[in-house]
Amino acid sequence: MIYVFKTSVDTKSKLELAATVLQELPPDASWNFDLEDCDNILRIDSEIEISELLLQNNIFDCIELE
């Protein structure tokens, strides 16, 4: 399943911090940021539900988009 989030990650340094959270995802999950998008989109492809982990992190803000 592909999850899409609007985030507060808007610089490479924030992306490096966010990566520490994203490394906690299951090994088969893949993710990428689109920092050129006005919403700083994070896309995650994962077989398991990952929304809770991201919404409760203390590193960056994110809102799941539908």
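Any value given below was found using the heavy atoms of this structure, including those in side chains, with hydrogens, waters and symmetry copies removed.
When all heavy atoms of V9 and A18 are compared, the closest pair comes out as CG2-CB, 4.0 Å.
Cluster membership for L54 and I63, using ILVMFWY side-chain heavy atoms within less than 4.5 angstrom, is not shared. Cluster membership check: V21 does not share its hydrophobic cluster with V4, using side-chain heavy-atom separations under 4.5 Å among Ile, Leu, Val, Met, Phe, Trp and Tyr. Hydrophobic clustering (ILVMFWY, side-chain heavy atoms < 4.5 Å, transitive): M1 and L65 are in distinct clusters. There is a path of hydrophobic side-chain contacts, each under 4.5 Å, that joins L25 to I48.
The 12-atom threshold is exceeded at CD of E49, counting heavy atoms of other residues, nucleotides or ligands nearer than 6.0 Å.
L42 contributes atom CG, which lies 6.5 Å from atom OG1 of T7 (distance to the nearest 0.5 angstrom). With values rounded to the nearest 0.5 angstrom, D39 atom CG is found 12.0 Å from S8 atom OG.
Considering L55, N40, I41 in turn, L55 is the only one that fulfils the side-chain contact (heavy atoms from CB on, under 4.5 Å) rule with C62.
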Requested in this report: Check the pair L15 / F60 against side-chain contact (heavy atoms from CB on, under 4.5 Å), numbers first and verdict last.
Outcome: CA-CA 9 Å; L15 188 145; F60 63 96; over 6 Å; no

Query - Criterion side-chain contact (heavy atoms from CB on, under 4.5 Å) on D34 and R43, from CA distance to verdict - result: CA-CA 8 Å; D34 183 355; R43 288 181 190 83; 4.0 Å; yes

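Every pair passing side-chain hydrogen bond (donor to acceptor under 3.5 Å, both in side chains) that includes a residue from residues 56-66 is listed here, sequence neighbours excluded: S51-E64, E52-Q56. Among residue pairs with one or both ends in residues 10-30, those qualifying as side-chain hydrogen bond (donor to acceptor under 3.5 Å, both in side chains) are D10-K14, T11-S13; sequence neighbours excluded.
Contact of the D45 side chain with the Y3 side chain is not registered, since no non-hydrogen atoms from C-beta on lie closer than 4.5 Å.
Between F33 and W31, the ring planes are perpendicular. Angles over 60° get that label, and only those under 30° would be called parallel.
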